[in-house]
Amino acid sequence: MSNEYGADQIQILEGLEAVRKRPGMYIGTTSIRGLHHLVYEIVDNAVDEALAGYCDSIDVSINPDNSITVIDDGRGIPVGINKKKGVSSVEVVFTVLHAGGKFGGGGYKVSGGLHGVGASVVNALSEWLEVTVEQDGKMYRQRYNRGKVEAPLKEIGTTDRTGTTVTFLPDKEIFEETVFEFATLKGRLREIAFLTKGLKIVLHDKREGQEQDAEFHYEGGIREYVQYLNRSQVTLYPEIIYCEGTKGDVMVEVAMQHNDGYNEGCYSFVNNITTPEGGTHFTGFKNALTKTFNDYARNMKYLKENEENLSGEDLREGLSAIISIKIPEPQFEGQTKQKLGNSEARTAVDAVVSEQLTYFLEQNPNVGKIIIEKAVLAQRARDAARKARELTRRKSALEGMSLPGKLADCSDKDPKNCEIFIVEGDSAGGSAKTARHRATQAILPLRGKILNVEKARLDRILGNEEIRAMITAFGTGISDDFDISKLRYDKIIVMTDADVDGAHIATLMLTFIYRFMPELIKEGHVYLAQPPLYKVEKNKKVWYAYSDEQLNSIMTEIGRDSNYTVQRYKGLGEMDAEQLWDTTMDPQTRTLKKIAMDEDNPAELDVTFNVLMGDNVEPRREFIELNAKYAKNIDIA
Ligand code: TSJ
């Protein structure tokens, strides 16, 4: 029977052609984020097999040619002929849009939201893709090129295992970038492993010279996730509060624990996908938490009748929590389609958390007391902060936003042309003021180490002079008052010494920006300046080296035996204005690192900052990792 050019096949080709024409409609973006989404999409299919109870382990490899291989030990995609389409179910999965999991029977298909668009989308956007199925002692294989079938699924041998293996090479015609980042994949795979208790996920980087592996396997699931979030914090009690239950079609799982810090670290997920904007499930959690703790505080007489209720914010100060639900048909709302809309999710989470948290508090009154005491302190501090803030707001309104005295502002009034250098130390600030291009470059020198915002409450943070100087210079306001349209500079460039202290100061500044103005980072306005480490001179010619490797190659170039000098820069202050301009500030020749963040894994980034700034860790090594992960070299020249 040969119906290769039947109506179905023509429709399929048109479908995949549409994906190639408008990839953004299917994966959101063709940037590196979209590239990583291809991996998540394939992995999600294997995770569904794990959720159905048939798969224990998933193995992901970045191959030397930058293709990706995903292997699971599930049942294998069904190989039989699909009656409706007249081809194998495997071929249906890879060629029909939205086909994933809709064949066969039973099973609890939960992929949704941004992912779950189907393996066919990955296929359409890959130069080639190869699938191998091992099932009932036999091995089957099929290959595709840019979504087009090479030949029908073929039996190629025997096997004693079962599972599915998919290898694909993202299409260079489609993606702006085709080099995968190990750290990004690692972060998301760790997250999936936390959210899917018992599932083992291994990641291999097989690219030459950067071979490495990571393995994730959490029998405790989201309980271990909360421990991980609090790993560099001082926790207020050893227990992880855990609630689990199903209401109607909604499966609810919540884990939480307070630390002695001031940040709220609550992350919600729907079908394993992060919902940074929350939604009904998160609202249900917050409602249950606030009501249960207030009822408890009144019953236990921690709150007197004339005292105000504790607010949700007070109760969530220092709280690390994971809210994970599984729902058959998630509805996403809002501009970015990241906010859950299903009202049954709110009632389900509210019911499960209210019931089980009440029970937990009855069983653990000592924990209840600690949490209420923390919230009462938070309530008092919040009142003080509100007053401090109103004061600064009124002040800035009265003074018409007077700029900080130390700021050497630029003269150009169009923010698009302007940049501000936040400079460590008064002496480097002085050189920078001399060196700068006055029309477009502003300089704000900061004295010494700025306040660590991870270790202070809002009232103290807003009382800090260096921080207030940054807030007024940027012009945007902070937190709820933040307004990006008021940004006074297109680029905010943090310029510190190229040593451990400088890295620490840069991290303090980035932490402040991240906590109070995260949109600046999301929108790509924040950069790190890259001062040189060495100056090499020979016969009045000068070279600058920004790394040890670069120094080595310069030395090789000029010959080590000849007459030269090498100067190691210890700080910005050792450069005169001209050198600072030439090496670090001149837009024509400098290199900047843009600070970026992985929006698919906000929890990881939050935790990176509190690990960096916490007491328990030596920050330098992690800071270098942070740079490697979130900062990209961009040459402006
Ligand atoms: F979709 C895919 F190709 F991207 C993909 C699917 C990739 C990988 C790595 C794994 C999988 C996959 C699919 N693993 N396991 C499955 N399972 C099924 O497709 C399956 C097997 C049996 C039955 C059944 O009802 O008997 C149903 C399903 C959905």
Side-chain angles (χ1 to χ4, degrees), residues 12 15-16 19 26-27 35-63 67-85 87-112 114-126 128-144 147 149-150 153 159 161-170 185 188-189 192-193 196 199-204 271-272 328:
I12 285 166
L16 295 193
V19 177
Y26 298 86
I27 54 162
L35 184 78
H36 291 129
H37 274 200
L38 300 182
V39 183
Y40 307 152
E41 177 51 43
I42 296 296
V43 169
D44 274 352
N45 283 280
V47 172
D48 282 343
E49 186 74 355
L51 290 172
Y54 299 101
C55 161
D56 303 317
S57 112
I58 301 175
D59 187 287
V60 180
S61 293
I62 310 171
N63 299 314
S67 66
I68 294 282
T69 299
V70 181
I71 308 172
D72 77 11
D73 62 351
R75 292 166 293 179
I77 305 174
V79 297
I81 298 297
N82 175 288
K83 287 212 181 67
K84 192 162 158 269
K85 303 282 177 188
V87 297
S88 71
S89 292
V90 173
E91 188 172 323
V92 173
V93 167
F94 285 100
T95 57
V96 180
L97 284 176
H98 302 289
K102 295 233 173 85
F103 53 88
Y108 189 69
K109 172 76 186 166
V110 291
S111 287
L114 281 178
H115 312 297
V117 287
S120 57
V121 171
V122 179
N123 191 21
L125 301 178
S126 294
W128 53 264
L129 181 148
E130 188 176 271
V131 54
T132 306
V133 172
E134 291 166 275
Q135 205 169 69
D136 297 329
K138 297 191 183 92
M139 192 182 275
Y140 304 83
R141 182 162 293 162
Q142 188 170 33
R143 250 184 98 93
Y144 311 82
V149 175
E150 247 182 29
L153 184 73
T159 177
R161 71 183 287 281
T162 69
T164 304
T165 301
V166 173
T167 301
F168 64 94
L169 181 71
L185 294 180
R188 172 66 183 145
L189 293 177
I192 293 171
T196 318
L199 176 64
K200 181 172 120 182
I201 304 181
V202 185
L203 173 64
H204 309 276
N271 301 344
N272 283 359

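Note that this is a predicted model, so its numbers are computed, not measured. Atoms within a ligand are numbered from 1 in the order they appear, just like the ligands themselves.
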*Would you mind listing which atoms of ligand 1 come within a distance below 4.0 Å of any non-hydrogen atom of Phe94?*
2 (C), 3 (F)

*For Thr167 and Thr69, test the side chains for any donor-to-acceptor distance below 3.5 angstrom and give the result as yes or no.*
yes

*Donor-acceptor contact below 3.5 Å, side chain Thr162 vs main chain Gly74*: yes

*ligand 1 contact by Tyr54, heavy-atom criterion under 4.0 angstrom*: no

*Where do Leu199 and Ser57 come nearest, in terms of heavy atoms and distance?*
CD1-N, 3.9 Å

_Numbering as shown, the atoms of ligand 1 that approach Gly76 to under 4.0 Å (heavy-atom distance)_ = 21 (C)

_On a heavy-atom basis, which atom in Phe168 and which in Ile42 lie closest, and how many Å separate them?_
CE2-CG1, 3.9 Å

_Contacting atoms of ligand 1, where contact means under 4.0 angstrom from a heavy atom of Val70_ = 9 (C)

_Between Ser67 (side chain only) and Asn63 (backbone N and O only), is there a donor and an acceptor less than 3.5 Å apart?_
no

*Verify the distance criterion only: is there a donor paired with an acceptor across the side chains of Tyr140 and Gln142 at less than 3.5 Å?*
no

*Judged by non-hydrogen atoms, does Ile42 sit under 4.0 Å from ligand 1?*
yes

*asked:* Within ligand 1, which atoms have a heavy atom of Ala119 less than 4.0 Å away?
replied: 1 (F), 2 (C), 3 (F), 4 (F)

_Under 4.0 Å from a heavy atom of Val93: which atoms of ligand 1 are those, numbered in the order shown and with their elements?_
1 (F), 3 (F)

_ligand 1 atoms in contact with Val166 (distance to a heavy atom under 4.0 Å)_ = 3 (F), 7 (C)

_So, regarding Glu49 and ligand 1 (criterion: nitrogen or oxygen to nitrogen or oxygen, under 3.5 Å), is there a contact or not?_
yes

*Look at the side chain of Gln135 and the backbone N and O of Arg75, then say whether any donor-acceptor pair between them is shorter than 3.5 Å.*
yes

*Run down the list Thr167, Thr132, Ile77, Asp72 and name the one with the heavy atom closest to atom 10 (C) of ligand 1.*
Asp72

